[in-house]
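Computation of the quantities below employed the complete heavy-atom set of this structure, encompassing side-chain atoms and omitting hydrogens, waters and symmetry-equivalent molecules. Protein chains get the first letters and strands the later ones, always in sequence-line order, with residue 1 at the start of each.
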Protein chains: 2
Amino acid sequence: MASSAPELSRRAREIVDTARALLEDEGPDALSMRRLAERLGIRAPSIYKHFADKREIEAALISVGFEEIAEAFEGAGRRGGLLGLGRAYRRFALEHPHLYRLMTSGPLPRELLTPGVEDRAALPLLDTLEGDADRARAAWAFAHGMAILELDGRFPPGADLAEAWRRGIAAFADG
Amino acid sequence: MASSAPELSRRAREIVDTARALLEDEGPDALSMRRLAERLGIRAPSIYKHFADKREIEAALISVGFEEIAEAFEGAGRRGGLLGLGRAYRRFALEHPHLYRLMTSGPLPRELLTPGVEDRAALPLLDTLEGDADRARAAWAFAHGMAILELDGRFPPGADLAEAWRRGIAAFADG
DNA sequence: GTCTATACCCGGATAGAC
DNA sequence: GTCTATCCGGGTATAGAC
């Protein structure tokens, strides 16, 4: 049995909260054990009494992010269909760019995540597309592509991204 | 006038070729000035006689990547339409995963690129979609999302990605 | 165009005292 | 659960000799 994400102590949760604030305020390079300790008012080695290594802290951040995006989706999906999901997704990415990047780039440390969070975040889209997994994967790829390319400043300055989102969502709604 | 990408000397081109081989063989973390010098059989400081800094070398790699993807597109687009472009795009990403990541993640150092390469790579898709820029952006986001999520192992093990690609391409072809 | 020597920065992580 | 001291690794980049 994989050990995977035991509950966190109160102090561990404080550390994760602080890590999140640090990440969101200053970006991924700032999320070092030393800088995190500094924000907590302690020394870096003390953190290792609460987490085995840095990856555990990052995994906790990713789990929190998935939970939040799942909550946003669960509201938006029923009311707003595919368009509502798209808007909620884009909003999350734009409001939490550094957290979004941490959640979506590179391999996922699945063994360290809170069990079920990944599936829970994916479910509203799958439901909205009536269980069509292939279409859901394609739609997710579209949404992630739009979000990350926007965050990275890849579209031309004048581009009407709201319109590009609409076009993509319409394509997957009808298809 | 921005200076942007002067022609490279022969030695500089050798350095870029070696950097590319290093990147593709061992990934982005291996692409350090020291490791690059090691492959070249020289010492790291010597590289600075040919490039001002590491960013210039990365920009040269990105320019090369854009040129290659443009060439692949220019062939594929006329024959194969949107489906042909999609196949060419996926193939490039899977065959050069580390280069693809370097080209597509994070902000683009546009001032350092060979002028015009970015537009040239984008043009075949825009042409295929008859100049509809919003649809082209959405389709590009879909393709990038599929490619990067596949490279990062984000889809479930059993997922039929060829089918997801087909669904997405069909959606943008009809839409 | 290459070298040596080096400055300077940063990172994750461990040992052992308290 | 915190500390100090430390290890060990890495990185980009510069100065100045040859």
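- Note on ring orientation: taking the six-membered ring where Trp is involved, the planes of B/F172 and A/F172 are perpendicular (angle over 60°, cut-offs 30° and 60°).
- Rounded to an integer number of Å, the gap from A/R10 CZ to D/dG1 P is 11 Å.
- Distance A/M33 CE to C/dG12 P: 7 Å, rounded to the nearest Å.
- Electrostatic pairing of B/R55 and B/E111 counts as a salt bridge here, judged by a charged N lying under 4.0 Å from a carboxylate O.
- The hydrophobic clustering, which links ILVMFWY residues whose side-chain heavy atoms are closer than 4.5 Å, places A/L126 and A/L82 apart.
- Atom CG in B/L36 sits roughly 16 Å away from atom C1' in D/dG10 (whole-Å rounding).
- Distances were taken from every side-chain heavy atom of B/R11 (C-beta onward) to each of D/dG11, C/dT2, C/dG12; the shortest belongs to C/dT2.
- Looking at B/D53, its side chain does come within 3.5 Å of a backbone N or O of B/E56 through a donor-acceptor pair.
- Of the possible polar contacts, one joining the A/R13 side chain to the A/L8 backbone as a donor-acceptor pair under 3.5 Å is found.
- For A/E71, there are no side-chain hydrogen bond (donor to acceptor under 3.5 Å, both in side chains) partners two or more places apart in sequence or in a different chain.
- Here A/D160 does not pair with B/R137 in a salt bridge; the nearest charged N to carboxylate O distance is not below 4.0 Å.
- Between B/E38 and B/R35 there is a salt bridge, since a side-chain N of the basic residue sits under 4.0 Å from a carboxylate O of the acidic one.
- A heavy atom lying under 4.0 Å from DNA chain D marks the following residues of residues 43-55 of chain A, by number: A/R43, A/P45, A/S46, A/K49, A/H50.
- In this structure, the side chain of A/S63 engages the main chain of A/T114 through a donor-acceptor pair within 3.5 Å.
- The CD-P distance, from B/E58 to D/dG11, rounds to 13 Å in whole Å.
- Rounded to whole angstrom, the span from the CD1 atom of B/I42 across to the P atom of C/dA5 amounts to 17 Å.
- Distance CG (A/D29) to P (D/dG11): 16 Å, rounded to an integer number of Å.
- Evaluation of atom-type donor-acceptor distances gives a pair under 3.5 Å for the side chain of A/R34 against the base of C/dG11.
- In the region residues 15-25 of chain B, proximity to DNA chain D at under 4.0 angstrom, judged on heavy atoms, holds for none of the residues.
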